[in-house]
Structure formats: C-alpha cells, structure tokens
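All heavy atoms count here, side chains included; hydrogens, waters and symmetry mates do not. The residues of the chain are indexed from 1 along the displayed sequence.
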Amino acid sequence: MRIVLGVGGGIAAYKVASLLRLFTEAGHNVTVIPTEASTRFVGTATWEALSGNPVSNSVFDDVHQVNHVRLGHEADLIVIAPATADLLAKAATGQAGDLLTNTLLMARGPVLFAPAMHTEMWQHAATRANVETLRSRGAAVLEPASGRLTGADSGPGRLPEPEAIFDAAMALVQGQSDFQLPLAGRTVTISAGGTREPLDPVRFLGNRSSGKQGVALAVAARNAGATVRLLAAHMDVPPPAGVEVVPLETALQLREAALAAAADSDVVIMSAAVADFRPAAVSDTKIKKRDDRDDPVITLVRNPDILHELVELRNSAAPRGRQQLIVGFAAETGDGDGDVLAHARAKLQRKGCDLLVVNHVGTDKVFGQDTNSVVILARSGSEPQEASGTKTEVSAAIISRISDELNSVSPRA
Ligand code: CTP
C-alpha cells in the first residue's frame with residue numbers, strides 16, 4: 001500500500017518515527033511529508049532514512065513531477081500525525097500553502113488525523129468545529145489520548161500510541177470509516193503488582209505477584225485508545241509508556257488511590273494481589289532478636305476488601321453517576337469444598353463485580369510467568385469465556401471483552 005505520512009509541527013513528531021517503522025515493517029511504501037514547522041522537531045534526514053524515500057515539504061521541489069498531484073492521487077491512505085490545531089484548521093478550510101496541505105486537497109483515498117495538542121486547544125470551539133467539518137467530509141479524526149502533556153499540564157491531547165494509530169489506519173483502509181478505537185474517550189484504572197505490608201522499616205509481608213498481567217492489561221487498554229491509570233503496587237517489571245502511574249505500597253494506600261481514581265473511571269480492573277491481612281503494629285525501628293526477650297509474635301488484622309468497596313461505591317452512585325464496569329481477578333485453587341470454578345462463582349457473587357477473571361494457581365503457575373490461562377465469568381450469567389496464551393494475548397482478550405460489555409451498555413456518544 002502507498003501511504004503518505006504527514007507530520008505536523010508538534011513535539012509528538014518524534015513518536016511518529018515508530019509509526020513509520022510499523023508501516024514499513026508491515027511492507028508499506030511510505031512517503032513522509034513533514035510541515036516546515038515539524039522539521040524543527042524531527043529533521044528530514046530521519047524521515048528519509050526510515051522511509052527509504054526522498055522527503056520534501058515544498059511544492060517547488062521536483063516541479064516537473066507535480067508532486068502534490070501525484071502523491072495525493074496515488075496514496076491509498078494519508079495519515080497525519082501529529083495533527084496539530086493548525087493543521088486541522090488548514091485541512092478544514094482547504095488551505096494549500098505547502099506540499100502537505102496541497103496533497104490533502106488532492107487525496108482520493110481515506111485520510112486519518114491523529115491529533116496532539118494542549119487540552120485547551122483541543123477543546124477550543126474552533127478546533128471542535130474543524131474536527132466536525134473534517135469528520136463530516138469523511139475523514140477519520142482519532143480522539144487524542146489523555147495523560148501528561150509537554151508542559152506541566154495533563155488531560156486529553158496526547159498523541160495516541162503509534163500502535164493505536166497503526167490499528168486505526170488499517171481499520172480505515174478495510175472500510176471501517178466510522179472506526180474509533182474501542183476504548184477511545186474511556187478512562188481505565190488498573191491496579192497491578194503485589195502490595196507490601198510493612199512490619200518495620202526494612203521488612204514487609206508481600207506476595208509473589210510480578211505485575212506482568214496488570215502491565216499487559218495497561219498496554220492493551222492503552223492500545224485500545226483508553227486513558228489508562230496504573231495503580232502500581234510492587235512490580236518486577238517497569239510500567240509501560242503512555243499511562244499515568246500511581247506508585248504505592250500497601251493495601252490501605254491502594255484503597256485510597258482506587259477509590260479516588262474510581263470517581264472518573266469508566267472501568268476499574270483490580271488485578272493487583274492485595275494482602276488480605278497486615279501486621280497490626282508497625283515498628284518504627286528495626287525489630288531485633290534479643291536473648292532477654294521472647295521471640296516476637298506478629299498479629300495480623302484484616303485489610304479492607306477494596307474490590308467490594310468499589311462495587312458498593314459504584315452501586316450507591318449508580319442512579320446519578322456514570323456507568324462503570326468493575327473487573328476483579330481471582331487466583332483460585334480447587335479444594336475439598338469445590339473446584340476452581342465453583343470457588344470463583346461464589347467469589348463473583350460475594351464481590352458483586354461485573355466480570356471476574358479467574359486464574360487457576362499452583363506454586364508453579366501464573367505468578368511471574370509470561371503465559372496464562374484464564375476463564376472470564378460474568379455477573380450477567382453469560383457463558384464463561386476462556387482465554388489463554390501469553391499475558392499480552394490474554395490481556396487483549398480481557399480488554400476486548402470489557403470493550404464489548406461497555407459498548408453494549410452505553411454506546412459512546
Ligand atoms: N482484592 C481487593 N481487596 C482485598 C483483597 C483482594 O480488592 N483486600 C481484590 C483483588 O485485587 C482481586 C479480587 O479481590 O481482584 C480477588 O482477590 P483474591 O485474593 O482472589 O480474593 P480474596 O478476597 O482474598 O478472597 P479469598 O480470601 O476468599 O480467596
């Protein structure tokens with residue numbers, strides 16, 4: 001496929017190098033047209049090297065080839081990333097001051113805009129009107145992701161991740177002109193890792209959760225277009241790019257962070273392994289072994305059940321509040337009282353969450369491994385759904401199920 005990749009003058013231009021790679025690695029022939037302003041962020045040499053094609057931003061280069069006509073006509077797809085407020089305005093009003101805007105006016109195939117700008121600019125009435133105009137003419141304009149922006153500000157305006165733009169572009173050429181990423185405009189909070197409950201300044205009670213599943217879920221939700229907040233208890237793996245990370249240690253800290261985050265979340269996924277108990281007392285100083293005293297006895301007290309509290313909070317706010325989907329995880333072993341699924345069904349009832357992702361655990365299973373096999377149980381009583389494979393594949397299946405549930409309950413405006 002011949003793709004024209006138009007690069008706007010925003011700091012996110014550097015991320016477009018990864019998008020270009022995704023296109024070329026998938027075998028597409030990409031011509032990059034950077035705006036003059038964008039070359040202050042990424043130089044034309046980068047685009048030439050990565051695309052293997054000459055790069056120009058002037059209608060006066062290679063005039064005999066009438067580049068804007070040729071490129072616009074020949075392109076099977078035009079992708080603009082980052083689509084700045086300025087570029088959206090120029091495209092909406094049909095301006096033709098440079099090679100990129102000329103090419104857009106000559107386009108015959110689908111056009112995808114991936115916006116990136118400060119939140120105020122994205123929300124400004126002028127930009128809203130330009131986006132509406134472009135959409136009404138059949139162009140696809142992605143919702144920007146939310147999160148940390150270039151300055152100290154944060155909010156909607158981040159360039160969607162290169163993988164997300166790539167997926168949207170492929171969907172667009174397959175004729176899904178109304179394609180939006182399934183979780184675009186949604187906020188998803190995910191807890192991950194294992195809590196640590198301190199005994200003294202150097203010791204804690206912990207668990208074997210690696211955080212891999214939670215991180216894979218965060219990546220899948222991000223790639224589905226969601227704004228992702230990762231409540232990160234102890235993890236053996238780094239958090240992914242493009243998500244907001246809230247680092248924390250204990251179950252009580254996780255409770256506070258989860259209840260706060262729930263206020264503006266469309267989905268809350270509790271994949272963290274939360275300690276059910278914590279030491280009743282935390283010593284300010286290191287606990288020493290002493291020959292003149294008995295060995296210490298650790299008394300434990302119960303931690304609050306965060307998942308259950310989230311459900312109660314959601315239910316109490318439901319008549320006036322937003323629809324919210326709450327997803328729990330259950331690590332189960334079968335025993336004399338029942339098999340894994342029987343325990344899981346009972347837990348789903350007890351916790352009251354909408355979906356429960358059930359892992360069958362043994363000491364050699366799940367924790368720290370890269371593969372996983374789960375069953376997704378729904379409170380609605382629909383058939384249990386199995387998913388297995390790498391944690392990435394399992395996460396994609398879970399996020400896809402969540403999108404289906406969410407979009408069937410309250411379609412996005
Ligand atoms: N969870 C929670 N708060 C806790 C304990 C667990 O929110 N104090 C959440 C986990 O994040 C997970 C789900 O509850 O999504 C189930 O966790 P699990 O440890 O399997 O269940 P428990 O509540 O500990 O139930 P049980 O002890 O009966 O197995």
> Looking at E383 and R401, does any basic side-chain N land under 4.0 Å from a carboxylate oxygen?
Replying inline: no
>> Angle between ring planes, F23 versus H28, binned at 30° and 60°: parallel, tilted or perpendicular?
In response: perpendicular
> Would you say the side-chain atoms of E249 pair up with the backbone N or O of H234, donor to acceptor, closer than 3.5 Å?
Replying inline: no
>> Going by side chain to side chain contact (heavy atoms under 4.5 Å, CB included), F113 matches just one of V141, L142, I78. Which one?
In response: V141
> Do other residues, nucleotides or ligands put more than 12 heavy atoms under 6.0 Å from the CZ atom of R2?
Replying inline: no
> Do you know the tightest heavy-atom contact between I165 and A81?
Replying inline: CD1-CB, 4.4 Å
> Do side-chain atoms of Q324 reach the backbone of A262 as a donor and acceptor pair under 3.5 angstrom?
Replying inline: yes
> Of all heavy-atom pairs between T119 and P156, which one has the smallest distance, and what is that distance?
Replying inline: OG1-O, 2.8 Å
> Is a donor on one side and an acceptor on the other found under 3.5 Å between the side chain of T250 and the backbone of R196?
Replying inline: no
>> Tell me if a side-chain donor or acceptor on S51 pairs with a main-chain N or O of W47 at a distance below 3.5 Å.
In response: yes
>> Taking CD in E25 as the centre, count heavy atoms belonging to other residues, nucleotides or ligands within less than 6.0 Å. Is the count above 12?
In response: yes
> Taking NZ, NE, NH1 and NH2 as the nitrogens, is one of them in E74 or R108 under 4.0 Å from a carboxylate oxygen of the other?
Replying inline: no
> Is the Lys NZ or Arg CZ of R128 less than 6.0 Å from the centre of W122's six-membered ring, within 45° of the axis?
Replying inline: yes
> Are any side-chain N or O atoms of N53 and backbone N or O atoms of V30, one a donor and one an acceptor, separated by less than 3.5 Å?
Replying inline: yes
> Any idea which heavy atoms bring L355 and L348 closest together, and the distance?
Replying inline: C-CD1, 4.3 Å
> For D200 and T285, which heavy atoms make the closest approach, and how far apart are they?
Replying inline: CB-O, 3.6 Å
> Just by distance, with hydrogens left out, do S395 and Q213 show a side-chain donor and acceptor under 3.5 Å apart?
Replying inline: yes
>> Is a donor from one side chain sitting under 3.5 angstrom from an acceptor on the other, for R186 and N407?
In response: yes
> Closest approach of L230 and G214, non-hydrogen atoms and distance?
Replying inline: CD1-O, 4.1 Å
>> Tell me which one of I80, V32, L5, V7 satisfies side chain to side chain contact (heavy atoms under 4.5 Å, CB included) with L100.
In response: I80
>> Pair S388, S373 - check side-chain hydrogen bond (donor to acceptor under 3.5 Å, both in side chains), show working.
In response: CA-CA 4 Å; S388 60; S373 172; 4.7 Å; no
> Would you find more than 12 non-hydrogen atoms of other residues, nucleotides or ligands less than 6.0 Å from R21 atom CZ?
Replying inline: no
>> If we ignore hydrogens and angles and just use 3.5 Å, is the side chain of S191 paired with the main-chain N or O of A272 as donor and acceptor?
In response: yes
> When you measure from the side chain of E393 to the backbone N and O of T390, does any donor-acceptor pair fall under 3.5 Å?
Replying inline: yes
>> I'd like to know whether NE2 of H124 has more than 12 heavy-atom contacts from other residues, nucleotides or ligands below 6.0 angstrom.
In response: no
> Would a 4.5 Å heavy-atom cut-off, applied to side chains only, mark T35 and N57 as touching?
Replying inline: no
> Atom CD in Q349, atom CG in L356: separation rounded to 0.5 Å?
Replying inline: 10.5 Å
>> Is it true that, when you exclude E309 itself, more than 12 heavy atoms of the residues, nucleotides or ligands shown sit nearer than 6.0 Å to its CD?
In response: yes
> Given S38 and E36, is the side-chain hydrogen bond (donor to acceptor under 3.5 Å, both in side chains) satisfied, shown in steps?
Replying inline: CA-CA 6 Å; S38 80; E36 179 71 37; over 6 Å; no
>> Keeping D354 on the side-chain end and I326 on the backbone end, is there a donor-acceptor pair under 3.5 Å?
In response: yes
> Does the salt bridge (Lys or Arg N to Asp or Glu O under 4.0 Å) test come out yes or no for R208 and D236, once each step is laid out?
Replying inline: CA-CA 10 Å; R208 287 156 53 93; D236 295 334; over 6 Å; no
> Backbone N or O of A216 within a donor-acceptor pair of the T392 side chain at under 3.5 Å?
Replying inline: no
> Looking just at side-chain N and O atoms, do D98 and T101 make a donor-acceptor pair shorter than 3.5 Å?
Replying inline: yes
> Does any N or O in the side chain of D339 come within less than 3.5 Å of the main-chain N or O of G334, such that one atom is a donor and the other an acceptor?
Replying inline: no
> What pair of heavy atoms forms the shortest contact from G94 to L105, and how long is it?
Replying inline: O-CD1, 3.5 Å
> Between D276 and R302, is there a salt bridge with N-O shorter than 4.0 Å?
Replying inline: no
> Does atom CD of E386 have more than 12 heavy-atom neighbours from other groups under 6.0 Å away?
Replying inline: no
